[in-house]
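In listed order, ligands and their atoms are each counted from 1. Sequence positions, counted from 1, serve as the residue numbers for this chain.
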Amino acid sequence: MKANYHTHTARCHHAIGKDEDYVKSAIAAGFDELGFSDHTPWRYDSDFVSHMRMRLDKFQDYKQSVLALKEKYRNQISVKLGLEVEYFPQYMGWLRDFLKQEQVDYIIFGNHYYLSDEKRVYFGTACVDEHYLELYCEQCIEGMESGLYSYLCHPELFMRACPRFDERCEAIAYRICEAAKRLDIPLEYNLAGAAYNEINHVYEYPHPRFWEIAREVGNTAIIGSDAHHYEDLRNPYYWDKAQHYLDEVLQIKRIECLECNGF
Ligand SMILES: [Zn+2]
Ligand SMILES: [Zn+2]
């Protein structure tokens, strides 16, 4: 079983290509299941407009497109309707109703922003400050405890901001891994990050030390393409490398298929 549940579309303003191209690429690469998980829209209390997620009025187009592809390619691949979703406490009531009403199959937890992106605190830069490192950790755990998310995306996102994996990073990595273990939530080995690391000769996410801790704690891992271009799915290089690292080097239990049972 080869499945990817982390796939964006052009609606988030930073991904490229037609939805159908992603499905065709996934079929060509031998995937059995493809979940679309574009950045979820929110109904904000303010007139804030996010430039990294689809607008709420684009959701119906997203849903109809994914459902049409699911039907069109049903003999070749299983297509799922998902979203990559933050944990914004003040909006979670709205979100729960929305997921149920729109019959979303699953969501994955992308913890990018503190409280709401209206505040513009991106953990990928803010975590250089110890205070936000702590808040990132707390929000990760609180979000996982909500029981809504199928897995935690790029759990070591804080490494975008931290120059090295120091003792503070160690401490919050253990807390995140232990919470994920307790709640039986897989951690994502993110391939967009793996490509970024390799091209730029850095270790942001995925970070080898984080994954050693995950193995030690006894977590489960899941590979997520985090595809922002349909060619990302067709290129086997990062997928095969990740699979080798997780299965052969780390020998961590890897989840290949999610149950997407809706809300
Ligand atoms: Zn993300
Ligand atoms: Zn993503």
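Because the distance cut-off is set at 2.8 Å, Cys153 fails to qualify as a neighbour of the Zn ion (ligand 1), as none of its N, O or S atoms comes that close. Taking 2.8 Å as the threshold, His228 does not count as a candidate ligand of the Zn ion (ligand 2), since none of its N, O or S atoms lies below it.
Within His154, the N/O/S atom positioned nearest the Zn ion (ligand 1) carries the name NE2.
Residues Ser65 and Asp19 have side chains that bring a donor and an acceptor to within less than 3.5 angstrom of each other. Residues Tyr5 and Glu33 have side chains that bring a donor and an acceptor to within less than 3.5 angstrom of each other. With hydrogens and angles left out, the side-chain atoms of Tyr87 and Glu142 include a donor and acceptor closer than 3.5 Å. For the residue pair Tyr122/Asp117, the side-chain donor-acceptor check at 3.5 Å is not satisfied.
At the Zn ion (ligand 2), the angle from OD1 in Asp226 to OE1 in Glu84 is 160° when rounded to 10°. Angle NE2 (His6) to the Zn ion (ligand 2) to NE2 (His8): 110°, rounded to 10°.
Here Arg168 does not pair with Glu170 in a salt bridge; the nearest charged N to carboxylate O distance is not below 4.0 Å.
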